[in-house]
Every structure is written in structure tokens, then in C-alpha cells.
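The structure appears below as C-alpha cells.
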Amino acid sequence: MAITEDRVRTFDSTSPATGEVVGSFPMDGPEEVAAAVARARDAQPGWEELGFDGRRRALLAYKALLVRRTDELVALVHRENGKPHADALIEVLMIVEHLDWAARNAERVLGPRRVRSTLVLANHAASVEYQPLGVVGVIGPWNYPVFTPLGSVVYALAAGNAVVLKPSELTPAVGCFLADTFAEAVGGQPVFQVVTGDGATGHALCLAGVDKVALTGSPATGRKVMAACAERLTPVVLELGGKDAMVVDADADLDDAADQAVWGGMANAGQTCLAVERVYVVDAVYEPFLEKVVEKASRIRPGSGPDADFGPITLPRQLEVIRRHLDDAFARGARALVGGPDAVRPPYVDPVVLVDVPDDALVMREETFGPVLPVTRARDAGHAVALANANPYGLGGAVFAGRGAGRIARALRAGSVSVNSVLTFAGMPSLPMGGVGESGFGRVHGPDGLREFSRAKAVSRQRFPLPFGMQSFDRPGFVLPAVRAAMRLRHGRAPRS
Ligand code: NAD
């Protein structure tokens with residue numbers, strides 16, 4: 001990323017495969033960020049007044065335009081992020097489904113509904129609805145520059161908020177494309193603003209008085225964002241990194257499991273928060289599973305041409321992380337069955353399948369973000385789950401199993417799990433997504449993702465006054481003893497076992 005000092009500070013985004021300049025963008029500082037937040041703040045009431053129906057129509061128009069311009073968007077993602085066209089297309093396809101779901105379901109999830117009262121408050125009715133927060137700041141990563149930011153943006157918009165997006169400094173052109181197409185589809189509602197720049201621009205957004213910050217990024221950035229937001233008590237939702245595990249049980253379909261392990265670990269060059277970064281296989285099927293993984297992983301190749309299975313490493317300094325993880329693993333006795341110590345060939349990394357990796361190796365503990373798949377033998381499914389859970393991250397996971405699949409999925413310490421596939425939950429708009437521990441907190445997608453960008457508004461309404469109410473200084477002396485007796489009758493009995 002080259003930074004130019006001119007009257008306006010700018011920076012270039014470049015193709016990780018060729019170094020070609022994709023575009024030049026302003027390095028927005030606190031003033032520009034404040035101006036974008038002010039524009040969003042001004043526009044938000046009009047957007048809220050459109051109501052669920054008006055916003056549904058606007059968001060569906062946005063969806064239709066994105067779909068019509070998919071080829072352009074896919075080509076831009078390929079140039080700026082480096083991933084193959086096929087992977088960029090999958091990313092767009094997935095977010096289109098989310099956009100459609102958020103637009104069509106916001107009213108059902110967030111709209112006013114009556115809720116039950118209690119016996120002692122039987123003369124009151126009650127209702128709850130979810131109101132927009134105002135302006136939401138969204139800070140995005142580069143690895144899924146369409147899917148991850150829009151996974152917050154479209155749910156926040158559907159809930160009636162305005163949004164200011166700060167895309168990654170590695171993929172600003174994609175971020176601007178997303179906001180420009182929104183403006184084109186939904187003219188007159190400037191509720192999707194964009195600011196460009198690096199971490200300092202993101203920091204300025206945290207301090208700009210937005211009503212919530214949604215970050216998708218690394219745990220280190222999550223900590224900084226949370227600390228900055230603490231200043232103004234700005235709430236945060238943090239979608240952070242992962243070290244996802246796959247568990248393969250004895251009755252799994254091994255062809256499927258091996259195919260998905262290799263794809264889940266190496267698609268997008270492993271630069272996926274939900275990538276399969278560890279595989280635990282029960283002893284009974286370890287050898288045949290490994291044989292299939294090796295056969296499949298040996299056939300895939302990185303590159304930037306149409307035949308490449310995955311692209312370059314987008315963030316140049318990540319190459320050093322991958323190299324360090326590999327060197328550490330080999331120094332601790334790990335063996336590579338595919339690839340080896342020279343797998344890192346900037347800007348590419350060849351596929352690596354590792355065995356005999358000790359649990360405390362870096363590649364088993366920290367996010368590698370490369371096409372590296374450590375496969376570990378476990379005594380049984382319980383042991384595999386214990387090994388999988390012994391990690392501070394807890395984003396997603398995968399289980400390949402027959403009868404025990406549900407039990408294993410429940411036991412994995414992760415926000416989401418796919419059974420007999422990998423990553424599927426992320427593309428299912430009715431499911432919430434988010435992590436535990438170092439993977440962050442809060443949820444995007446699904447009903448929880450809509451509520452994440454809303455505040456619950458509770459209203460109780462007295463339907464008729466009681467002759468002797470509790471909430472009065474003029475309460476007659478017999479009221480509280482009577483209420484107490486009623487409470488004992490209703491709640492005082494222990495449940496029968
Ligand atoms: P990053 O943390 O370096 O940057 C993320 C964003 O935060 C960028 O836009 C960056 O400019 C901004 N930023 C950096 N410092 C900041 C600060 N002090 N204040 C405010 N903003 C700041 O992450 P990245 O390298 O862009 O993305 C990769 C990481 O994102 C990986 O850890 C990956 O697992 C994670 N990720 C998580 C999910 C998920 O859904 N949980 C999805 C995709 C990526």
C-alpha cells in the first residue's frame with residue numbers, strides 16, 4: 001500500500017498477484033469520518049420512516065442491481081483481493097441470499113408484537129418492538145471484502161439504521177463499489193456511507209459518536225476497537241478470527257470428509273476466518289482418511305490464472321506468519337505429507353498437509369491463514385472434541401459423523417458447526433453467526449443479526465385500573481399480604497422431580 005502526501009492524503013490498493021494499482025483512495029482522517037457520520041445521521045430518519053415495507057423494496061432493488069453487476073464485482077474482487085473468480089462468485093452468491101433474507105424478514109423479527117403479562121399484572125397489556133440504533137459503523141476485513149462487511153451492513157440497514165463502512169485498506173475499491181451500487185439503486189437515501197483508510201480511520205470511526213461498531217477482523221484489532229469504543233460507551237459486535245476444527249468419527253463418509261477438509265482448509269488460500277485449520281480423526285479411520293486427503297491436496301495448485309484452485313496470499317506480512325508456523329512445526333517434529341518447508345513462494349503458498357504436530361505448536365494454536373492442514377489422530381470422538389476445544393478461539397467447526405454427529409456438534413465450543421459439510425452455516429441466512437472466546441461476541445446474520453443492530457423497546461399499557469393497586473402510597477394495608485399469599489400459592493411449591 002503506497003501512501004501519497006498531496007493536498008489530500010491518498011493510498012493505492014494493488015493486486016496481490018501482479019502489483020498492478022487497482023485504485024487510489026483518500027486516507028480519511030477524523031474530520032472526514034465525522035462528516036460521513038453526520039451525513040448518515042441526517043439521512044437515517046428518512047430511512048427509518050420508510051418503514052419495513054419501504055426498506056424491503058429498497059434493499060431488494062439493491063440486491064437486483066448487485067446481481068446484474070455481479071461479473072463486474074467478481075472481476076474487481078479478483079483484482080484487488082487475488083482470489084479466483086469462482087471463489088468471488090460464491091462470495092457474492094452467499095451475500096445475495098443474506099440480503100434477500102434480511103430485507104424480507106426484518107418486519108417479522110423486529111416489528112411490534114404483543115407479549116403475555118403475568119397474573120399480578122393481568123390488568124396491563126405488553127408489547128415489544130425493536131427500534132434502530134441510529135448510525136452503525138462497520139469496519140471490514142480484506143479476506144471476504146463483499147460477504148463480511150455486507151453481513152453487517154445489510155442487516156443494519158434492514159433494521160432501519162444508516163451505516164458508515166470502513167473497508168479494509170487492502171480492498172477499498174470493493175467497499176466503494178458496494179456503497180456506490182447502493183446509491184445507484186436507492187437514490188435519495190444516502191444511508192450507506194463509506195470512508196477509506198487504514199487502522200487510524202477505523203479508530204476515528206470508533207470515536208465518531210456512532211451508535212454501534214461492528215468489526216470483522218483480528219482479535220488484536222478487536223481489543224483496540226473495544227477500548228476505543230469504551231470511551232463513549234459505544235457498543236460493539238466483534239467477529240474475530242478462528243482456529244476451526246473438524247472432527248471425523250469412525251462412521252463418517254471418508255470421501256466426503258477428505259474432500260471437504262481439503263476445500264475447507266485451502267479454498268481462498270486458507271484466508272478464511274472459518275477455514276478448517278485443524279482436523280482430528282478417530283484412530284479407526286485415521287489412515288484411510290489421511291490417504292484420501294493427501295491424494296486430493298496433491299492435485300490442487302495456487303495461481304492467478306483461470307485454472308488456479310486458489311490465489312495468492314493477499315496480505316504480504318501473512319506470508320511470514322505462515323512461514324513461522326511451518327518452521328515451528330517442523331522444528332517440533334511435524335512431517336509434511338504434501339508440500340514442505342519451501343511451500344511459501346511469495347505471493348503464493350503451496351498446499352501443505354501436516355502430521356505428527358504437537359498440540360502446543362503454533363500451527364495448532366494460532367490462526368495460520370494459509371493453505372496448511374494439520375491432521376491429528378484422536379482415540380475416539382470424545383478425545384477429538386477435547387482436543388478441538390482446547391483452544392482460545394471458538395468461531396466455527398465441522399463434524400463428519402453418522403449417529404453421534406449431533407452430540408459432537410453440540411459439544412464443540414464454537415458459535416456455529418456444520419455437520420457433514422464445512423462452512424455451510426455461514427451461507428444460511430436464517431442462522432446466526434459469531435464466536436466465543438478469542439473469536440469475539442455478538443452475532444451477525446439471522447434474527448439475532450437483525451436484533452444486534454436494534455434496541456428492544458418494551459411498552460406496558462394499563463388496560464383498566466384495579467380498585468387497590470400495589471404501586472401507590474395510598475395502598476390499603478391488606479394488599480401486600482394478599483399478594484404475598486397469592487405468590488406462595490403460585491410459586492412456593494418446589495417442582496416434583
Ligand atoms: P485486521 O484486524 O487487521 O483489520 C480489520 C479492519 O480493522 C481493517 O479495516 C483495519 O483497517 C481495521 N483496523 C485496524 N486497526 C484498527 C483500529 N485500531 N481501530 C479500528 N479499526 C482498525 O484484520 P484483517 O487482516 O483485515 O482480516 C483478517 C482477520 O479477520 C482474521 O483474523 C480473520 O479471521 C478475521 N475475520 C473474521 C471473520 C468473522 O466472521 N469472524 C470474517 C472474516 C475475517
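Remember, it's a predicted structure, so these values are computed and weren't measured experimentally. In each ligand, atom 1 is the first atom listed, and ligand 1 is the first ligand listed.
Within the structure, the closest approach of Met433 to ligand 1 falls below 4.0 Å when heavy atoms are considered. A heavy-atom separation below 4.0 Å is found between Trp142 and ligand 1. Assignment of Leu215 to the shell around ligand 1 is supported, since a heavy atom sits closer than 4.0 Å.
Pairs passing the ring-ring contact (aromatic ring centres under 6.0 Å, His included) check and including a residue from residues 192-213, sequence neighbours excluded, read Phe182-Phe192. Within the structure, every pair that satisfies the salt bridge (Lys or Arg N to Asp or Glu O under 4.0 Å) test and touches residues 360-374, not counting sequence neighbours, is listed here: Arg332-Asp360.
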Decide yes or no on side chain to side chain contact (heavy atoms under 4.5 Å, CB included) for Val248 and Val279, but give the supporting numbers first.
CA-CA 8 Å; Val248 183; Val279 186; 4.1 Å; yes
Check the pair Asp12, Ser24 against side chain to side chain donor-acceptor pair (under 3.5 Å), reporting the backbone distance first and the verdict last.
CA-CA 4 Å; Asp12 292 342; Ser24 191; 3.1 Å; yes
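Distances below 4.0 Å separate heavy atoms of Asn143 from the following atoms of ligand 1: 43 (C), 44 (C). Heavy-atom proximity to Val225, at under 4.0 Å, picks out these atoms of ligand 1: 19 (N), 20 (C). Of all atoms in ligand 1, listed by their number and element, those nearer than 4.0 Å to a heavy atom of Gly202 are 19 (N), 20 (C), 21 (N). Near Thr216, meaning under 4.0 Å from any of its heavy atoms, are these atoms of ligand 1: 5 (C), 36 (N), 37 (C), 38 (C), 39 (C), 40 (O), 42 (C), 43 (C), 44 (C). For ligand 1, the atoms sitting less than 4.0 Å from at least one non-hydrogen atom of Asp198 are 11 (O), numbered in the order shown with element in parentheses. For ligand 1 and Lys224, the ligand atoms under 4.0 Å from any heavy atom of the residue are 18 (N). Near Ser168, meaning under 4.0 Å from one of its heavy atoms, ligand 1 places the atoms 9 (O). Listed by number with element, the atoms of ligand 1 under 4.0 Å from a non-hydrogen atom of Leu395 are 41 (N).
Counting heavy atoms of neighbouring residues, nucleotides and ligands inside a 6.0 Å radius, atom CD of Glu20 exceeds 12 of them.
Taking only nitrogen or oxygen atoms, main chain and side chain alike, Lys166 reaches within less than 3.5 Å of ligand 1. Where the criterion is an N or O separation shorter than 3.5 Å, residue side chain and backbone included, Leu240 meets it with respect to ligand 1. For the pair Gly140 and ligand 1, the shortest N or O to N or O distance falls below 3.5 Å.
Distance from atom 19 (N) of ligand 1 to its nearest protein heavy atom, with residue and atom name: His203 N, 3.5 Å. Nearest to atom 35 (C) of ligand 1 among the protein's heavy atoms is Gly217 O, 3.2 Å. When hydrogens are left out, the protein atom nearest atom 1 (P) of ligand 1 is Thr221 OG1, 3.6 Å; that is the closest non-hydrogen contact. Ranking protein heavy atoms by distance to atom 17 (C) of ligand 1, first place goes to Gly199 O, 3.6 Å. The protein heavy-atom contact nearest to atom 10 (C) of ligand 1 is Glu169 OE1, 3.5 Å. Counting protein heavy atoms only, atom 7 (O) of ligand 1 is closest to Ile139 CG2, 3.3 Å. Ranking protein heavy atoms by distance to atom 42 (C) of ligand 1, first place goes to Cys273 SG, 2.9 Å.
Within the 4.0 Å heavy-atom criterion, the part of Phe369 lying near ligand 1 is the side chain and not the backbone. For Glu239, heavy-atom contacts with ligand 1 shorter than 4.0 Å involve the backbone as well as the side chain.
Looking at heavy atoms from C-beta onward, Tyr62 lies in side-chain contact with Thr181 at the 4.5 angstrom threshold. The closest side-chain heavy-atom distance from Leu205 to Ile139 is below 4.5 Å.
In this structure a side-chain-to-backbone donor-acceptor pair under 3.5 Å is missing from Ser421 to Ser418. Looking only at distances, a side-chain donor or acceptor of Ser454 sits under 3.5 Å from a matching main-chain atom of Leu450.
Taking a cutoff of 4.0 Å between a charged side-chain nitrogen and a carboxylate oxygen, Asp249 and Arg407 do not qualify as a salt bridge. Taking a cutoff of 4.0 Å between a charged side-chain nitrogen and a carboxylate oxygen, Asp309 and Arg301 do not qualify as a salt bridge. Electrostatic pairing of Glu91 and Lys83 counts as a salt bridge here, judged by a charged N lying under 4.0 Å from a carboxylate O. Salt bridge annotation for Lys212-Glu452: present, with a cationic side-chain nitrogen under 4.0 angstrom from a carboxylate oxygen.
Closest approach of Pro167 and Val195 over heavy atoms only: CD-O, 3.1 Å. Minimum interatomic distance between Leu133 and Arg455 (heavy atoms only, all atoms of both residues): O-NH2, 3.5 Å.
For the residues Glu367, Arg317, Arg223, the heavy atom positioned nearest atom 34 (O) of ligand 1 is part of Glu367. Proximity annotation for atom 27 (O) of ligand 1: of Pro141, Gly435, Pro167, Pro141 comes nearest, heavy atoms only.
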